[in-house]
Amino acid sequence: MLSPNPGLIIWTIITFILLLLILKKFAWKPLLEALQKREQTVKDALERAEQTKKDAERILEENRKQFDRAEQEGKRILNESRSLAEKLKDDIVEKANSQSRKMIESAKQEINRDKEAAMVQLRGEIANLAIQAAGKILDESLDEQKHRKLVDSYLKELPKN
Amino acid sequence: MFSTNSDTSIQQTVTDSLHAAAQSGEHGTESGNLFTQLLHHVYDSNELDLPFIGQVHLPHFAPIQIGDLTIDVSITKHVVFLWAAAILLIILAVTAARKNSKREVPHGFGNLIEVFILFIRDEVVLPNMGKGGIKYLPYLLTTFFFILIMNLAGLVPYGSTSTSNVSVTAALAFIAFIMIQLSAIRAQGIGHYLKHLTGGVHWILWPIMIPIEVLGLFTKPFALMIRLFANMIGGHIVIISLIGLIFVFQSWIIAPIPILFVLGINLLELFVAFLQAYIFTMLTSLFMGLGMQAAHEGGTHNESGH
């Protein structure tokens with residue numbers, strides 16, 4: 001039992017070497033290659049997933065930032081236009097006010113001018129009427145020249161209004 | 001009631017061989033040496049027991065004479081099981097390779113083989129040998145599966161364990177020895193390898209140190225040889241001795257007890273078959289790794305290998 005049999009040793013060595021060569025070529029090589037390929041695939045897939053996740057996070061962050069920026073921009077534009085409108089409104093009101101004031105002013109002046117003219121005309125009218133009346137009363141005792149002088153001096157003594 | 005297929009078949013085989021021994025009278029007297037007759041089962045022989053056919057006489061070749069050495073290259077039972085294991089392994093491994101190459105995700109049998117391959121690669125080769133060990137992976141995988149299938153063959157009815165023959169384990173250990181030295185020389189270079197044999201001591205001590213170191217090279221594979229052989233033959237002798245109790249007591253009444261024990265030993269053997277294949281592979285890988293690592297240690301002597 002313990003005495004080695006050289007024939008069996010030789011057979012074992014031959015069998016083992018042949019087995020090693022055959023298996024190495026037809027079994028271990030494809031098996032290990034398939035294993036390595038799959039491991040690589042899994043590794044790649046994991047890396048890709050990680051990358052995709054990172055990208056998605058980055059894009060999300062970017063979107064959020066962009067959204068914030070847009071919101072701020074919108075707020076700013078709203079505020080700006082609000083203040084612009086306020087200013088515009090003030091301007092328009094101011095302009096309208098000044099215009100109306102001017103119009104009132106010019107209307108007043110017109111009125112004054114008409115009043116003045118009317119006054120002058122009225123004065124002339126009154127003088128004539130007075131002369132005619134006085135002529136009729138005095139029956140032309142006085143010549144016209146003297147009358148006028150008289151009336152004028154009288155009118156001068158009258159108050160201006 | 002307590003028996004399994006393999007138990008009854010072993011029993012059958014033992015009975016057959018007992019009858020054969022009794023008839024031929026080769027192994028002493030009928031009642032004489034039961035132990036020798038039982039051991040006949042674990043011995044290598046020129047006959048092969050086959051189901052339904054019975055005993056087949058294997059071809060006998062004339063021994064080759066080289067000097068004083070007589071080499072009998074006859075095909076024996078263990079050679080047949082050696083080849084059977086090799087052919088079975090080729091079929092299984094190639095089938096698995098075909099399946100796994102086709103599929104993206106391994107499935108069923110291909111997956112099973114891959115679990116072992118992954119284990120050998122990630123738990124045996126990489127921790128012991130590092131990345132450089134990958135190129136020895138085919139050798140270690142072949143060793144593992146070949147030993148495993150030979151170990152398991154003994155548990156099959158009519159089967160026989162080739163690894164319970166010291167010649168087979170000696171051959172496997174010899175190949176392991178060659179691989180250990182080869183990997184060390186390849187990793188260190190021949191000069192460094194020879195320098196390593198001096199143990200790094202003063203040259204005056206070399207006559208002592210070199211024989212010790214050279215002896216150390218042989219002890220490792222020698223231990224591999226004995227460990228595998230003893231483990232495999234041990235379990236079989238225990239099983240056969242337990243079965244033999246039935247014949248010692250000359251009674252069928254006693255049968256359930258040995259058979260119960262045999263069932264337990266058989267389950268243990270199943271575990272041992274895997275364990276010994278793993279240990280042989282793991283230790284070979286470890287010894288190769290030690291030789292390869294010595295290259296990185298800048299010539300410092302590594303005593304942990306002994």
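Here the structure is a predicted model, which is why all the values come from computation and not from measurement. Note on naming: letters A, B, ... go to the chains in the order of the sequence lines (proteins, then strands), and numbering restarts at 1 for each one.
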What part of [X] gets closer than 4.5 Å to chain A, counting heavy atoms only: side chain, backbone, both or neither?
X	value
B/Ile117	side chain
B/Ile90	both
B/Leu92	neither
B/Thr95	neither

### Heavy-atom contacts under 4.5 Å, residues 45-75 of chain A to chain B
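From residues 45-75 of chain A, none sit under 4.5 Å of chain B.
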### Query
Are the aromatic rings of A/Trp11 and A/Phe16 close, with centres under 6.0 Å apart?
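No - the distance between ring centres of A/Trp11 and A/Phe16 does not fall below the 6.0 Å cut-off.
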### Query
Looking at B/Tyr278 versus B/Phe119, is the centre-to-centre ring distance below 6.0 Å?
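Between B/Tyr278 and B/Phe119, the centre distance is under 6.0 Å.
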Taking all non-hydrogen atoms of both residues into account, name the closest pair between [X] and [Y] and its distance.
X	Y	answer
B/Ala173	B/Met225	CB-CB, 3.7 Å
B/Ser162	B/Met150	CB-SD, 3.6 Å
B/Tyr139	B/Ala176	OH-CA, 3.1 Å

### Query
Within residues 120-138 of chain B, which positions have a heavy-atom distance to chain A below 4.5 Å?
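Residues in range: B/Arg121, B/Leu137, B/Pro138.
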### Task
Assess whether atom CD of A/Gln36 is packed by more than 12 heavy atoms of other residues, nucleotides or ligands within 6.0 Å.
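No, CD of A/Gln36 has 12 or fewer neighbouring heavy atoms, counting only those of other groups under 6.0 Å.
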### Within 6.0 Å of CZ in B/Arg227, more than 12 heavy atoms from elsewhere
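Check passes, neighbour count above 12.
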Portion of [X] that has a non-hydrogen atom of chain B nearer than 4.5 angstrom:
X	answer
A/Ala27	both
A/Ile13	both
A/Leu32	side chain
A/Ile10	side chain
A/Leu20	both

### Task
Scan A/Glu116, A/Glu110, A/Gln109 and name whichever one has a side-chain hydrogen bond (donor to acceptor under 3.5 Å, both in side chains) with A/Arg113.
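Going through the options one by one, the only one that passes is A/Glu110.
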### Within-4.5 Å side-chain heavy-atom neighbours: B/Leu152 and B/Phe274
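Counting from C-beta outward, B/Leu152 and B/Phe274 do come under 4.5 Å.
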### Query
Side chains of A/Leu19 and B/Leu89: does their closest heavy-atom pair fall under 4.5 Å?
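Yes - at least one pair of side-chain heavy atoms lies under 4.5 Å apart.
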### Salt-bridge present (A/Arg76, A/Glu80; N to O < 4.0 Å)
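Yes, charged N to carboxylate O under 4.0 Å.
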### Message
Please tell me whether B/Glu114 and B/Asn100 have a donor and an acceptor in their side chains that are separated by less than 3.5 angstrom.
### Response
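Yes - a donor-acceptor pair under 3.5 Å links their side chains.
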### Query
Would A/Asn5 and B/Ser167 count as having a side-chain donor-acceptor pair, cut-off 3.5 Å?
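The answer is no; no qualifying pair exists.
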### Query
Distance-only, no hydrogens or angles: does the B/Thr281 side chain make a donor-acceptor pair with backbone N or O of B/Ala277 under 3.5 Å?
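Yes, the answer is positive, given that a donor and an acceptor are paired below the 3.5 Å cut-off.
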Greatest number of heavy atom pairs closer than 4.5 Å to chain A - which of [options]:
options	answer
B/Val168, B/Thr76, B/Leu172, B/Thr169	B/Val168
B/Ala97, B/Ala86, B/Ala96	B/Ala97
B/Ile113, B/Thr143, B/Ile87	B/Thr143

### Task
Determine the interplanar angle of the B/Phe145 and B/Phe116 rings, folded into 0 to 90°, and report it as parallel if under 30°, tilted if 30 to 60°, perpendicular if over 60°.
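Taking B/Phe116 first and then B/Phe145, their aromatic rings stand perpendicular (interplane angle over 60°).
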